[in-house]
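Some notes on the structure that comes next.
Position 1 is the first residue of the sequence, and the numbers go up from there.
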Amino acid sequence: MKRNGMCPICYIKQFLGIRKKVSKFSIDEDYRNEICPTPPMGWSSWNTFRNQIDDNLILQIAKAMKDKGLLDAGYKYINLDDCWHSSMRDKNGDLQGDLVRFPRGIAPLVDDANKMGFKVGIYSSNGKYTCEDLPASLGNEQRDANTFAKWGIEYFKYDYCHHSIVPKYAPLVYAISLFKDGKYVEIDCTNAKLDGLAKFMPTGKVECKKYISGLDAGLGIATFDNINVEEDGEYVLTIHIIKKGMYDKFLQADVNGKKYFYEVPPQHFFNNTARFQQIVSLKKGNNVIKLSNPISNRADGAFYQYYNMGQCLKRASEGKKPIVYSICEWGWNGPYKWGAKAGNLWRTTADIRPIWPWIKILYDKTVIRHEYSGVGSYNDPDMLEVGNGKLTLNQNRAHFSLWCMMNAPLILGNDIRSMPDSVLEIISKKELIALNQDPLGKACKRIKKGLVDILAKPLADGSTAICFFNRGMLKKKSSLSIDKLAADSYVGFKLAKKYSIKELWTGAEAEVTDKIECKLEGCSVKVFVVKGCE
């Protein structure tokens with residue numbers, strides 16, 4: 001724990017834990033950009049092809065998807081995962097496709113896929129490099145977002161490899177200044193009102209007499225509430241700092257509720273002071289500027305970084321095709337808590353593998369997060385492995401059913417060109433896809449956990465989907481009391497004298513009065529839609 005210019009008493013309070021957060025990284029509005037009111041459906045190159053992708057392969061996959069009816073079934077995104085691009089940025093500093101495997105560049109590929117009826121997605125990582133050590137987007141967020149938008153990209157997956165931790169330390173601010181149309185005004189730090197551990201400290205420097213310390217980790221805040229300007233417009237907001245410490249620092253300027261960010265590198269001491277700038281919007285008359293570093297832990301930092309990229313995507317796509325934003329943060333920092341503020345979908349887990357016990361682990365980690373999923377924002381337990389590895393027919397059906405019930409994105413990962421008919425039948429099953437794409441947008445809730453899990457998913461027409469999932473290898477019997485189903489407030493099922501039920505994999509229909517019963521093979525599911533009869 002660094003003192004970072006704090007007053008000694010404040011440092012002791014921080015060290016001893018005698019502190020109260022007065023600032024935290026929070027966003028008022030959800031990210032939802034109205035382009036995926038239901039979970040996105042498509043295909044990704046990673047699970048099967050890894051780094052063996054090229055222009056011709058992608059177009060072959062697109063053609064096979066269209067020929068086999070998957071485009072009509074709803075799978076509209078063709079996503080290029082890692083290894084689509086060159087290890088060199090171009091002469092302008094922009095990302096470019098692999099110069100051998102995508103010699104035409106990415107834009108012509110996007111055009112060809114669009115002509116077939118597909119949308120194209122692309123990949124980068126929240127670090128200097130991707131997981132395969134190719135150029136990534138940290139520090140180039142707006143540049144790369146602009147490149148993707150220019151190419152016509154409509155889906156973006158942002159990974160977490162080579163990520164950098166956002167520092168909890170703030171720079172030492174001795175003044176702020178505003179500049180517009182040749183007019184410059186500097187405001188000394190002593191005009192700010194301080195809260196928390198923020199304190200004025202003497203500098204001992206000729207350039208200024210005092211600075212503000214204690215803005216670290218959400219424990220202090222400085223408010224300039226008398227910033228008057230003569231007209232609306234964009235101004236250069238400069239933060240003037242005292243140089244301190246060979247470590248990174250971070251500062252948030254909250255300007256009338258809109259947030260701007262300053263990333264400050266380790267300081268070399270050729271000068272005593274430094275200036276960092278952002279373009280901010282001010283309104284005529286009085287404005288309020290609040291300075292703090294609200295980052296107090298890794299989760300705050302991850303939220304900030306993913307939020308920042310999302311805002312870059314929104315700016316880049318203005319007047320162009322909107323971009324679905326997939327946050328691939330691996331579930332390390334509780335993205336289900338903040339994902340809806342940052343993007344459209346967020347990974348709840350580590351990478352999937354075509355291994356049945358591993359798939360069950362990802363299911364377990366995601367199904368308990370049902371309340372965080374909703375229209376336009378989804379828990380993502382990673383791409384589908386249906387048709388990959390040595391999964392059995394029952395395991396493939398169960399895997400697909402669980403993802404549909406959880407409102408997970410349905411992103412295929414198999415070789416569409418050569419898959420057997422049994423796999424095509426599973427991934428194109430209309431009744432299961434309809435559950436996933438139901439406009440109510442509620443993910444299933446696990447209402448019973450055991451050797452056989454029972455999931456309930458409310459649907460827009462008032463019916464409820466019920467999935468019985470046999471976790472083990474042996475045959476099982478299971479049943480569900482409809483009274484218990486109706487007692488759950490999340491499910492919201494309405495009681496009736498009798499109920500119609502339909503099992504979606506077999507099409508079998510029946511009427512029941514009090515409970516649903518079924519027999520299950522090992523590693524299998526049965527999925528019913530239940531509705532009260534008039």
Side-chain angles (χ1 to χ4, degrees), residues 21-33 36 123-128 136-142 144-145 156-170 196 215-221 248-255 257-264 278 290-316 323-350 365-366 368-369 371-374 376-382 409:
K21 292 186 71 172
V22 294
S23 173
K24 62 180 180 178
F25 188 74
S26 61
I27 303 298
D28 296 332
E29 297 182 357
D30 283 356
Y31 179 84
R32 295 171 186 167
N33 49 8
C36 53
Y123 164 99
S124 187
S125 187
N126 182 21
K128 186 177 180 181
S137 297
L138 186 65
N140 286 287
E141 291 90 346
Q142 193 63 62
D144 292 351
F156 177 62
K157 175 182 172 182
Y158 202 34
D159 218 331
Y160 199 48
C161 284
H162 294 284
H163 64 276
S164 297
I165 297 174
V166 181
K168 64 181 180 181
Y169 298 106
L215 299 179
D216 307 328
L219 300 176
I221 190 167
D248 292 316
K249 303 171 189 68
F250 179 82
L251 189 72
Q252 172 184 282
D254 185 316
V255 182
K258 186 174 182 180
K259 296 172 175 59
Y260 303 86
F261 308 108
Y262 297 79
E263 297 182 1
V264 178
Q278 286 282 9
K290 298 179 180 181
L291 303 181
S292 66
N293 181 351
I295 307 298
S296 61
N297 52 48
R298 290 174 65 107
D300 290 339
F303 182 10
Y304 155 69
Q305 290 172 329
Y306 279 98
Y307 169 80
N308 184 43
M309 187 67 198
Q311 296 306 299
C312 292
L313 291 170
K314 281 190 171 183
R315 287 190 291 269
I323 301 173
V324 173
Y325 181 25
S326 171
I327 295 169
C328 182
E329 184 269 351
W330 314 338
W332 280 17
N333 294 292
Y336 48 88
K337 296 178 181 178
W338 46 263
K341 306 291 184 182
N344 296 112
L345 52 139
W346 50 89
R347 279 276 293 280
T348 52
T349 65
K365 286 183 175 294
T366 304
I368 58 176
R369 309 299 182 194
E371 291 184 341
Y372 294 98
S373 180
S377 49
Y378 310 102
N379 293 316
D380 177 13
D382 205 6

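- Between M309 and L138 there is no side-chain heavy-atom pair separated by less than 4.5 Å.
- Evaluation of the side chain to side chain donor-acceptor pair (under 3.5 Å) rule for S296 yields K21, D300 as partners, not counting sequence neighbours.
- With N126 contributing its side chain and H163 its backbone, the two residues share no donor-acceptor pair below 3.5 Å.
- Not less than 6.0 angstrom separates the ring centroid of Y260 from the ring centroid of Y262.
- Remark: side-chain polar atoms of E141 are paired, donor with acceptor, to backbone N or O of G139 under 3.5 angstrom.
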Open item on the list: Go through it in stages, so that I can follow the logic: the residues are F303 and V166, the test is side-chain contact (heavy atoms from CB on, under 4.5 Å), and I'd like the CA-CA distance, side-chain angles, deciding distance and then a yes or no.
Closed with: CA-CA 10 Å; F303 182 10; V166 181; over 6 Å; no

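- For N308, the side chain to side chain donor-acceptor pair (under 3.5 Å) test picks out no residue, with sequence neighbours left out.
- When every heavy atom of S26 is checked against every heavy atom of K259, the shortest pair comes out as O-CE, 3.1 Å.
- Across A302 and E329, no two heavy atoms sit closer than the pair CB-OE2, 4.4 Å.
- Note that CG of D216 and OG of S23 are 11.5 Å apart. Values are rounded to the nearest 0.5 Å.
- To the nearest 0.5 angstrom, D248 atom CG is 8.0 Å from S164 atom OG.
- Expressed to the nearest 0.5 Å, how far CD1 of I165 lies from CD1 of I295 amounts to 12.0 Å.
- At most 12 heavy atoms of other shown residues, nucleotides or ligands fall within 6.0 angstrom of atom NZ in K365.
- W330 has its side chain out of reach of T349: every pair of non-hydrogen atoms, C-beta onward, lies at least 4.5 Å apart.
- Listed by chain and residue number, R89, S137 satisfy the side chain to side chain donor-acceptor pair (under 3.5 Å) test with D144 (two or more places apart in sequence, or in another chain).
- Using modelled atom types, one finds a donor on one side chain and an acceptor on the other under 3.5 Å when comparing N333 with Y160.
- Using a 4.5 Å heavy-atom cutoff, the side chains of Y306 and P335 are not in contact.
- Every residue two or more places apart in sequence or in another chain was checked for a disulfide (SG to SG under 2.5 Å) with C312, and none qualifies.
- What you find for L251 and S292 is that their closest heavy atoms are CD1-O, 3.5 Å.
- A centroid separation of less than 6.0 Å is found between the aromatic rings of Y304 and F261.
- Atom CD of E263 sits about 9.0 Å away from atom CD of Q278, to the nearest 0.5 Å.
- Residues in residues 157-169 take part in these salt bridge (Lys or Arg N to Asp or Glu O under 4.0 Å) pairs, two or more places apart or across chains: D81-K157.
- Residues T366 and P381 come closest through the heavy atom pair OG1-CB, 3.3 Å.
- Looking only at distances, a side-chain donor or acceptor of S125 sits under 3.5 Å from a matching main-chain atom of C161.
- For the atom pair CH2 of W338 and OH of Y307, the computed distance is 13.0 Å after rounding to the nearest 0.5 Å.
- Counting only distance, with no hydrogens or angles, the side chain of N293 and the backbone of F250 share a donor-acceptor pair below 3.5 Å.
- In this structure, F156 and Y325 have parallel ring planes: the angle between them is below the 30° cut-off, well short of the 60° mark.
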Task: side-chain contact (heavy atoms from CB on, under 4.5 Å) between W346 and S377, worked out - done: CA-CA 8 Å; W346 50 89; S377 49; 3.4 Å; yes

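- Between the side chain of R298 and the backbone N or O of G301 there is no donor-acceptor pair closer than 3.5 Å.
- One distance of note links CG of D380 with CZ of R347; it measures 6.0 Å at 0.5 Å rounding.
- Residues passing the side chain to side chain donor-acceptor pair (under 3.5 Å) test with D30 are K341, sequence neighbours excluded.
- Annotation for L345 and S326: closest pair CD1-OG, 3.4 Å, computed over non-hydrogen atoms.
- With hydrogens and angles disregarded, no donor-acceptor distance shorter than 3.5 Å links the side chain of K337 to the backbone of A299.
- Environment of NZ in K128: sparse, with no more than 12 heavy atoms of neighbouring residues, nucleotides or ligands closer than 6.0 Å.
- Closest non-hydrogen pair, N379 versus S373, comes out as ND2-CB, 3.7 Å.
- Y378 places no side-chain N or O within 3.5 Å of a backbone atom of Y372 that could act as its donor or acceptor partner.
- Proximity of a side-chain donor or acceptor of N33 to a complementary backbone N or O of I323 within less than 3.5 Å is detected.
- At distances below 3.5 Å, not a single donor-acceptor pair connects side-chain atoms of Q311 with backbone N or O atoms of K314.
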